[in-house]
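Given the structure is predicted, the values throughout are model-derived calculations rather than measurements.
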Amino acid sequence: KMGLDQWNAVIGVNLTGSFLCGREAAVRMIQGGNGGVIVNIASISKDGNVGQTNYTASKAGVAEMAVVWAKELARYGIRAGAIAPG
């Protein structure tokens, strides 16, 4: 049984951390006016491993966040994507 503290710790680092870094990068790129690229690090584990619901959910969120950012930031010449090593 995964505790809420375990869930929040992994979600906080992997998902919230990626969001905060990407948000700051986007702001700076928009202000700079030269476009850019934001690359998130996802994982092939986004497809699911037993006992890692928190990790799997966070990495799937990171991958999909990049898809939405690509749509939102394209008008500023900013590309976004995610790589999934492993």
Side-chain angles (χ1 to χ4, degrees):
K1 182 178 177 182
M2 181 181 298
L4 188 56
D5 57 335
Q6 292 170 304
W7 172 268
N8 285 333
V10 172
I11 295 295
V13 171
N14 291 348
L15 190 56
T16 305
S18 294
F19 166 74
L20 293 173
C21 288
R23 182 181 68 179
E24 184 62 26
V27 167
R28 291 174 184 253
M29 289 178 194
I30 291 168
Q31 290 172 344
N34 296 318
V37 180
I38 298 171
V39 179
N40 286 341
I41 306 300
S43 172
I44 60 168
S45 294
K46 72 177 182 60
D47 295 328
N49 285 325
V50 174
Q52 292 185 319
T53 301
N54 52 0
Y55 184 81
T56 300
S58 70
K59 291 302 185 173
V62 166
E64 293 307 311
M65 193 163 42
V67 172
V68 175
W69 286 352
K71 295 173 185 177
E72 292 176 344
L73 299 172
R75 64 182 162 188
Y76 301 106
I78 300 170
R79 296 172 289 143
I83 60 171

- Message: Tell me which pairs pass salt bridge (charged side-chain N to carboxylate O under 4.0 Å, His left out) where either residue lies in residues 66-86, with sequence neighbours left out.
- Response: none

- Side-chain hydrophobic cluster, 4.5 Å single linkage: members besides Ile38: Met2, Leu4, Trp7, Ile11, Leu15, Phe19, Leu20, Met29, Ile30, Val62, Met65, Trp69, Leu73, Tyr76, Ile78

- Please report the closest heavy-atom contact between Ala42 and Ala63, naming both atoms and the distance. CB-CB, 4.0 Å

- Kindly give the cluster partners of Val68, where membership spreads through any ILVMFWY side chain lying under 4.5 Å from a current member. none

- side-chain hydrogen bond (donor to acceptor under 3.5 Å, both in side chains) partners for Glu24, two or more places apart: Arg28

- Note on the structure: Between Ala80 and Ala66, the two heavy atoms sitting closest are CB-O, 3.6 Å

- Note on the structure: Correct closest heavy-atom pair for Gln6 and Lys1 would be OE1-O, 4.1 Å

- Mind jotting down which residue pairs meet the salt bridge (charged side-chain N to carboxylate O under 4.0 Å, His left out) criterion with at least one end in residues 8-20? Sequence neighbours excluded, please. none

- By side-chain hydrogen bond (donor to acceptor under 3.5 Å, both in side chains) - contacts of Asn14 (at least two apart): Ser58

- Query: Among all residues two or more places apart in sequence or in another chain, which pass the side-chain contact (heavy atoms from CB on, under 4.5 Å) test with Val13?
  - Reply: none

